[in-house]
Amino acid sequence: MSVRTRFAPSPTGFLHIGGARTALYNWLYAKHHGGQFILRVEDTDAERSTAESMQVILDGLQWLGLDWDEGPGVGGDFGPYNQSERGEIYDRYLAKLEAGGYVYEDDGAIRFRVPDRTITVNDLVCGEVSVNLKEQGSRRYNTETKQEEEANPDIVIKRPNGGYIFHFVNVVDDIEMGITHVIRGEDHLSNTPKHLALFEALGATPPTFAHIPLNLNPNGTKMSKRDQGALIHEYQESGFLPDAVNNYMALLGWSAKDDREIFSMAELKDLFDFDGVNNSNSKFDYDKCKWVNGEHLRHLSNGELQELAGPFLSRSGIPAADDRVPAALQLTRERAQLLSEIPAVIATIFESEVSYDDAAVAKVTGQDDIQNKLSALTAGLANSSGWDEVEIKAAISAAAEGIGVKMGALMLPCRVGVMGSTSGADLVPVLVLLGQPEVIRRLKGFSALLD
RNA sequence: GACCCGUUCGUCUAGCGGUUAGGACACCGCCCUUUCACGGCGGUAACACGGGUUCAAGUCCCGUACGGGUCGCCA
């Protein structure tokens with residue numbers, strides 16, 4: 001039987017890292033085994049579900065490249081894929097429970113009678129977990145009063161208003177859609193015995209369960225929308241690459257068990273399995289996520305880099321059509337971790353006036369004989385017959401020799417004079433791109449500034 | 001509070017009875033170098049605690065502590 005996994009988001013907010021990571025593991029597992037990944041929308045709560053939220057989630061999954069074989073927009077043999085449209089199916093399954101005497105009415109709602117015995121979940125990640133629902137459910141913790149109260153252990157599966165409830169529809173759809181592996185966050189582990197009881201009452205063989213550890217924020221508490229790195233659409237805006245985000249998410253709870261950490265999606269698909277999934281929660285580390293992105297950035301082809309950096313360049317006023325852009329981008333590869341950091345590295349090439357960094361200027365001003373160095377440099381470059389990297393280096397070297405200093409002594413003044421900063425792209429290639437007249441103009445301007 | 005799950009450097013992790021406890025991010029130092037990066041080399045840094053089992057325990061068992069989760073007519 002072919003593996004069928006599903007991601008079942010509830011469209012009540014953004015796509016956050018935890019959900020995306022769950023989707024990724026489902027996707028990877030299905031693809032690894034040549035199976036199908038299904039997207040199902042759990043929108044039974046009409047009050048909280050919104051179309052906007054659904055769109056954000058769909059966009060996020062699409063951006064990550066986690067394409068679904070069945071679900072919204074692509075259809076499939078087991079639709080509809082929105083639970084809000086599956087009422088008839090649920091009615092049919094409810095009738096089964098009624099026929100079996102498993103349910104009863106309570107104040108207009110329908111409750112499922114939980115069995116009074118130990119139910120054992122056999123989980124791919126957590127192992128065997130046993131619980132007695134009757135015992136567990138017969139007391140409820142009141143968060144207001146901090147007291148335990150008597151409670152009805154039987155679970156509500158249908159509201160008085162006719163709407164069905166998560167536990168029931170989740171199980172029915174997993175049966176109906178032929179889901180073979182339920183991969184979800186560990187927050188659902190405690191719900192699983194309920195689901196198992198439902199599968200049994202419906203006469204269905206339950207799928208295999210895998211409850212993956214949760215991703216927490218750096219404080220060790222639940223990720224909230226406000227935590228850095230929590231929302232997928234923000235990764236896109238910050239200049240992350242989809243595959244880098246996937247790579248990092250995969251690493252949060254899974255390991256290839258060798259020392260590799262940078263993987264393409266194809267490699268991930270190839271390597272992912274549950275023996276590599278660990279069972280303790282992890283804390284999100286934004287720095288490492290950025291590092292992973294930097295690694296992916298460096299592996300990009302020239303064409304990919306240009307295409308992906310384009311929006312970020314134009315956003316910061318660098319004309320994408322400028323024919324110096326492709327060459328300039330090559331200078332940014334090792335100096336940026338995020339696409340959004342790229343413009344700053346090369347911005348000076350495209351600006352008509354140099355914006356001088358005070359600290360950088362101070363560093364140069366403090367040097368001995370700075371005006372002499374600058375004029376030698378300027379003259380040397382002005383007299384250079386050609387303007388490629390070799391000739392420029394030769395010109396600077398000769399200028400240095402002329403005034404009895406080492407070439408290195410002229411490089412920093414040159415960099416600050418031309419680029420305004422001590423950091424940024426490689427100096428000589430920048431001089432090439434800027435052109436001889438502009439370089440001379442900037443150096444003269446800098447010399448005047450220092451006077 | 002009850003129940004469930006977990007606990008290796010600050011963080012992500014490898015380890016599946018015998019290891020100088022390995023790697024990565026971050027941090028520090030050195031090298032390379034025209035700056036900044038990249039890269040290279042090196043460093044600081046971990047088995048939560050207490051009992052067992054065993055010739056031998058980070059690895060197995062039991063407690064404790066701590067963390068997380070669940071306890072909705074939310075999903």
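Note: hydrogens, waters and symmetry copies are ignored here, and every other heavy atom, side chains too, is used. Residue numbers begin at 1 in each chain, while the letters A, B, ... track the order of the sequences.
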Rounded to whole angstrom, note down the [atom1] distance from [N] over to [M].
N     : M     : atom1 : result
B:A56 : B:G40 : C1'   : 40 Å
B:C30 : B:G6  : C1'   : 41 Å
B:C28 : B:G10 : C1'   : 14 Å
B:C27 : B:U44 : C1'   : 8 Å
B:U13 : B:G50 : P     : 26 Å
B:C60 : B:G17 : P     : 8 Å
B:A46 : B:C73 : P     : 48 Å
B:C4  : B:C38 : C1'   : 48 Å

Using the heavy-atom set of chain A and a strict 4.0 Å cut-off, write down the first and last nucleotide of RNA chain B that makes it in, 5' to 3'. B:G1 to B:A75

Using a cut-off of 4.0 Å on non-hydrogen atoms, how would the nucleic acid contact of [X] be classed: base, sugar-phosphate, or nothing?
X        : value
A:Asp107 : base
A:Thr12  : nothing
A:Gly137 : nothing
A:Asn278 : sugar-phosphate
A:Ser130 : sugar-phosphate
A:Arg48  : base
A:Arg415 : base
A:Glu148 : base
A:His188 : base
A:Lys146 : nothing
A:Arg298 : sugar-phosphate

Show the numbers, then the answer: is there a ring-ring contact (aromatic ring centres under 6.0 Å, His included) between A:Phe272 and A:Tyr25? CA-CA 8 Å; A:Phe272 184 85; A:Tyr25 280 24; 4.9 Å; yes

With a 4.0 Å heavy-atom cut-off, tell me which residues in [range] come close to RNA chain B, sorted by residue number.
range                       : answer
residues 216-230 of chain A : A:Gly220, A:Thr221, A:Lys222
residues 118-129 of chain A : A:Glu128, A:Val129
residues 423-432 of chain A : A:Ser423, A:Gly424, A:Asp426, A:Leu427

With a distance cut-off below 6.0 Å to the six-membered ring centre and an angular limit of 45° from the axis, does A:Arg86 pair with A:Tyr93 as a cation-pi contact? no

Distance to the ring centre below 6.0 angstrom and angle to the axis at most 45 degrees; does that hold for A:Arg442 and A:Phe446? no

If only atom types and distance count, is the side chain of A:Asp154 paired as donor or acceptor with the main-chain N or O of A:Arg111 below 3.5 Å? no

Could you check whether any side-chain N or O of A:Asp426 sits under 3.5 Å from a backbone N or O of A:Val428, counting only pairs where one atom can act as donor and the other as acceptor? no

Given that both distances must come in under 3.5 Å, which nucleotide forms a Watson-Crick or G-U wobble pair with [N]?
N     : value
B:U64 : B:A48
B:C73 : none
B:G17 : none
B:U54 : none
B:A24 : B:U11

Would you call [X] and [Y] a salt bridge, taking side-chain N to carboxylate O under 4.0 Å as the test?
X        : Y        : answer
A:Glu200 : A:Arg117 : yes
A:Asp174 : A:Arg40  : yes
A:Arg335 : A:Glu341 : no
A:Glu70  : A:Arg4   : yes

Who pairs with A:Asp227 by salt bridge (charged side-chain N to carboxylate O under 4.0 Å, His left out), at least two apart in sequence or on another chain? none

Verify the distance criterion only: is there a donor paired with an acceptor across the side chains of A:Asp273 and A:Tyr29 at less than 3.5 Å? no

Aromatic centroids of A:Trp254 and A:Phe263 separated by under 6.0 Å: yes

Heavy-atom distance under 4.5 Å between the side chains of A:Leu39 and A:Arg6, does that happen here? no

Under 3.5 Å, side-chain donor or acceptor atoms of residues 389-412 of chain A against the rest of the protein: list the pairs with distances, not counting sequence neighbours.
from     : atom 1 : to       : atom 2 : distance (Å)
A:Glu391 : OE1    : A:Trp387 : N      : 3.0
A:Glu391 : OE1    : A:Asp388 : N      : 3.2

Toward the 5' end of RNA chain B, which comes first, A:Gly108 or A:Leu251, by nearest nucleotide? A:Leu251

Nearest-nucleotide 5' precedence on RNA chain B, A:Arg335 against A:Ser280: A:Ser280

Within this structure, what is the CD1-CD1 distance for the pair A:Ile110 and A:Ile157, rounded to the nearest 0.5 Å? 7.0 Å

Measure up the A:Tyr286 and A:Tyr235 rings against each other and bin them: parallel (under 30°), tilted (30 to 60°), perpendicular (over 60°). tilted

